[in-house]
Amino acid sequence: MKRILAIGAFGSVLAAALPVAATAQEAGDTLRVCASTRDAPFSDRQLDGFENQIARIIADEAGLALDLVTVDKDAIFLVRDGIETGLCDVIVGVDAGDERLLTTEPYYKSGYAYVSRQDRGFDGSRWQDIDREGLTTFAYRYYGPAETILKYTGRYEYNLIYQASLIDFEDRRNRYTQVPAKRVVDEVAAGTADIGILFAPEAARYVRDSRTPLTMTLISNDIERSDGEIIPLQYAQSVGVSKDHPELLAVIEAALKSGRDRIKAVLDAEGIPTVPLS
């Protein structure tokens, strides 16, 4: 699951119930977008993350001034400490159908991926493919399906000490502790980790810029847990809007449509692999 969202079944059909003729004037003169200072490459303290760039495109296409309201916390807190406090009204890059927000139609879809050194020749594309001889050490970010993949392939316990070293053995009890995406990719590039497992948009910039040639491959199949629950490994990304400002939804929908090519150029420049939305 993406870093911001707890997935729900709520769809983006609310967009259809809003007046299509909503205008920038009805939305106000300024688009207030939550921006984490701790969520590179999506958003960072310098506000040059790729979602910061997409926010600028949306505001420009909508004819609104942009206010990137910084929240000095990890992105998982943007809804609680940004939207729910009234500090800002919009979050760029949430999983489609986030029940805490009104969500636009998705503007791209990507998924979890393997990152490996090109000279390793790893060609796996299914989550079961890490269960191979010679693969022993895996780097990942916490709170995602990578842990489930490792558990289901019998690699989790063996990898625990190495994974803990990525957060300098910090105690995770009662606190949110995360491994930076760049650290995961750097571990693979250095050969310390055999494989990195993380959400492709988190990794793309660092794979692109690595001096060591790396390969990133989207994982093609979902996980079926032992209790029958499906854990998807690909996620459609939307813009989330505060339920207190439903008038913004149609405005942003129109901006996403008119700015589609500009947004695609940002994603392509970032090196993010995408899959069809349908």
Side-chain angles (χ1 to χ4, degrees), residues 1-7 38-42 73-77 95 110-207 210 212 214-235:
M1 120 184 7
K2 192 174 180 282
R3 68 210 188 281
I4 291 177
L5 175 68
I7 290 180
R38 305 182 188 180
D39 196 33
F42 301 93
K73 293 183 179 179
D74 293 280
I76 65 161
F77 299 109
D95 290 344
S110 190
Y112 276 79
Y114 293 130
V115 176
S116 61
R117 289 173 58 124
Q118 286 186 11
D119 58 14
R120 174 174 287 279
F122 177 72
D123 61 355
S125 63
R126 296 172 60 83
W127 66 261
Q128 297 94 334
D129 288 339
I130 61 168
D131 188 15
R132 296 182 180 180
E133 186 176 350
L135 301 179
T136 59
T137 308
F138 305 89
Y140 58 90
R141 305 193 79 204
Y142 289 114
Y143 316 112
E147 293 175 277
T148 304
I149 291 173
L150 292 177
K151 288 175 181 177
Y152 275 48
T153 53
R155 306 304 182 95
Y156 181 73
E157 278 75 15
Y158 177 85
N159 197 70
L160 278 175
I161 293 176
Y162 166 71
Q163 180 67 20
S165 75
L166 301 184
I167 55 170
D168 300 321
F169 300 97
E170 181 179 335
D171 188 350
R172 293 174 60 201
R173 288 176 296 182
N174 301 319
R175 68 175 67 189
Y176 178 77
T177 304
Q178 188 56 279
V179 182
K182 186 177 187 301
R183 176 73 185 272
V184 172
V185 176
D186 286 349
E187 290 288 308
V188 175
T192 312
D194 297 320
I195 300 289
I197 309 171
L198 69 175
F199 191 52
E202 296 173 326
R205 174 178 300 189
Y206 310 120
V207 170
S210 174
T212 302
L214 301 176
T215 297
M216 181 165 62
T217 305
L218 289 178
I219 301 173
S220 60
N221 61 326
D222 295 334
I223 301 170
E224 183 175 356
R225 294 192 339 188
S226 55
D227 61 3
E229 181 178 342
I230 300 298
I231 301 175
L233 296 180
Q234 296 182 349
Y235 296 92

Problem set entry | Lys NZ or Arg CZ of R155 over F138 ring: under 6.0 Å, within 45° | no
Exercise. So, does Q128 use its side chain to make a donor-acceptor pair with the main chain of T153 at under 3.5 Å?
Worked result: no
Exercise. Is the side chain of D171 donor-acceptor paired with the backbone N or O of R173 at a distance under 3.5 Å, no angle test?
Worked result: yes
Problem set entry | Y142 side chain to Y176 backbone, donor-acceptor under 3.5 Å | no
For this session: Mark yes when over 12 heavy atoms from residues, nucleotides or ligands other than I230 sit less than 6.0 Å from its CD1; otherwise mark no.
Result: yes
For this session: Taking the side chain as every heavy atom from C-beta outward, state whether V179 and L198 have any pair of such atoms under 4.5 Å apart.
Result: no
Exercise. Do NZ/NE/NH1/NH2 and the carboxylate oxygens of E187 and R183 come within less than 4.0 Å?
Worked result: yes
Seminar exercise, completed: One should read off an interatomic distance between L218 CG and M216 CE, to the nearest 0.5 angstrom, of 7.0 Å
For this session: For the residue pair T137 and T192, establish whether any side-chain heavy-atom pair is separated by less than 4.5 Å.
Result: no
Exercise. Can you find a pair of side-chain heavy atoms, one from T148 and one from Y156, that are under 4.5 Å apart?
Worked result: no
For this session: For E170 and R175, run side chain to side chain contact (heavy atoms under 4.5 Å, CB included): C-alpha distance rounded to whole Å, both residues' side-chain angles, the deciding distance at 0.1 Å, then the answer.
Result: CA-CA 10 Å; E170 181 179 335; R175 68 175 67 189; 3.0 Å; yes
For this session: State, yes or no, whether a side-chain contact exists between Y114 and I130 at a heavy-atom distance under 4.5 Å.
Result: yes
For this session: Please work out whether the ring planes of Y112 and Y235 are parallel, tilted or perpendicular, with thresholds of 30° and 60°.
Result: perpendicular
Problem set entry | OG-CG distance between S125 and N221, expressed to the nearest 0.5 angstrom | 7.5 Å
Exercise. Heavy atoms, side chains only, cut-off 4.5 Å: are Y206 and D186 in contact?
Worked result: no
Exercise. Would you say D227 has more than 12 foreign heavy atoms packed within less than 6.0 Å of its CG?
Worked result: yes
Problem set entry | Test item: Y143 side-chain N/O and T177 main-chain N/O as donor-acceptor pair under 3.5 Å | yes
Exercise. Okay, side chain of R117, backbone of A189: is any donor-acceptor separation there less than 3.5 Å?
Worked result: yes
For this session: Count the heavy atoms of every other residue, nucleotide or ligand shown that sit under 6.0 Å from OH of Y158, and state whether that count exceeds 12.
Result: no
